[in-house]
Amino acid sequence: MKVFHGVALSWTVVDDVLEVRLHRAPANEIGTTTLRELEQLVTALHDGTTGARAVLLYSDRPAGFCAGADLRELYEGIQGIRHATVRRTLGALLTHLSEDTLRTARALLGDAARAGRRALVMPLVVREVERFLRRIHAVMDGLDTAPVVVVGALHGVVFGGGFELALATDVRVADRTARFAFPELRLGLVPGFGGVPRLEREVGTAVVSDLLLTGRSLNAKRAHALGIVGQLTAPGKHVDAARRAARQAARFDPATVAAAKRFARPLPRARLDDEIQTFLTCIRSPVVEDALARFVTSDDVRPYLP
Amino acid sequence: MPDHDALVRTILTLAAERFGPAGATLQPGDDLYDALGIDSLQAMDLLTALEDRFDIEIPDYELQDVRTVASIARVVGERL
């Protein structure tokens with residue numbers, strides 16, 4: 001497929017380069033819609049139907065490249081599972097009780113009721129989250145191992161899942177407005193889209209720990225100095241610079257490019273699998289739902305801060 | 001440690017450059033978020049501008065409870 005127009009992303013082939021534009025408002029948050037369209041992209045890259053010899057991945061959103069996972073969708077998903085489960089389990093009983101009786105029962109049961117509800121709901125939440133995680137991991141791995149060079153053009157917010165998406169690209173070109181962060185611990189979670197194993201491939205433990213365990217953001221200049229991005233540009237010049245890099249890579253023999261990628265960037269398979277298990281352990285904690293609720297209802301100017 | 005007043009002046013100049021008329025009338029003790037009405041992206045932009053101007057890194061959490069130019073100057077001063 002040489003041309004694709006989706007809700008979250010679109011692509012077209014120009015001069016042998018597949019130009020993929022992320023365009024979902026507000027900041028390319030990755031939910032099921034983006035996931036589905038990324039899956040189509042990865043399939044097209046691996047079956048070679050685009051005919052492209054390199055990829056340019058960029059965002060046209062002013063806020064930045066990508067603000068990460070769609071936390072609102074995650075929160076609403078958990079709420080939806082909870083309501084459906086409670087309705088299914090207690091539906092028959094509830095229809096015979098008045099609102100007053102239910103309120104009294106809730107007040108009397110308190111923590112016990114909450115614990116019981118969590119025990120019912122959590123296995124279903126974990127199952128859905130694991131399904132999503134395995135799909136997004138397949139996408140990130142698919143980009144990482146695509147038989148062509150993938151160049152990421154980065155600006156503004158490159159946070160969480162957005163940082164992880166950037167780390168799945170082969171060559172990263174950032175303008176000076178780009179900032180990188182793993183804010184997941186603030187939500188009681190670890191990065192879940194393969195970010196830590198991929199960052200470990202680029203830099204040492206001191207940097208990974210600093211970013212992961214403080215949640216702070218890193219500016220583009222420092223990210224360049226550390227080797228997280230390969231090229232640094234003036235504000236707004238990153239897409240053109242990334243396009244030139246992709247066109248250069250497209251000139252090389254495809255089989256040699258594929259061999260060079262396999263050699264230079266082996267997939268950290270075991271660490272990626274560990275990450276999924278760690279994430280699934282974290283998601284079981286009540287801390288996560290509370291943090292997500294705070295996030296989606298926040299009107300703070302910096303809602304990603306705890 | 002550089003002179004605190006000089007840092008305040010530099011940050012006020014930077015705010016005037018970035019936030020136009022509202023930034024130009026900012027006082028050292030004004031609440032930055034109330035006075036400029038900045039959102040999360042502009043706060044991030046300001047952080048990058050501060051880091052660029054002073055060639056330092058400021059972890060986000062150090063600015064979490066910081067709301068005035070005078071207090072930003074203290075945070076910056078400790079990183080120089």
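Residue numbering restarts at 1 for every chain, and letters A, B, ... go by the order of the sequence lines.
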Listed by chain and number, what are the salt bridge (charged side-chain N to carboxylate O under 4.0 Å, His left out) partners of A:R201, not counting sequence neighbours?
->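 Residues passing salt bridge (charged side-chain N to carboxylate O under 4.0 Å, His left out) with A:R201: A:D144.
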Could you check if a side-chain atom of B:S40 sits within less than 4.5 angstrom of a side-chain atom of A:V157, using non-hydrogen atoms only?
->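 They are not in side-chain contact.
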Is there any salt bridge (charged side-chain N to carboxylate O under 4.0 Å, His left out) pair reaching into residues 234-243 of chain A, and which pairs are they, with sequence neighbours excluded?
->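 The answer is A:E19-A:R243, A:D240-A:R243.
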Does a side-chain N-to-carboxylate-O contact under 4.0 Å join A:R216 and B:E57?
->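 Salt bridge present between A:R216 and B:E57.
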Candidates A:R222, A:R179, A:K221 - the one meeting side-chain hydrogen bond (donor to acceptor under 3.5 Å, both in side chains) with B:E51 =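 Output: one option passes, namely A:R179.
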To the nearest 0.5 Å, tell me how far A:T177 OG1 sits from B:L41 CG.
->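 If I round to the nearest 0.5 Å, the distance is 10.0 Å.
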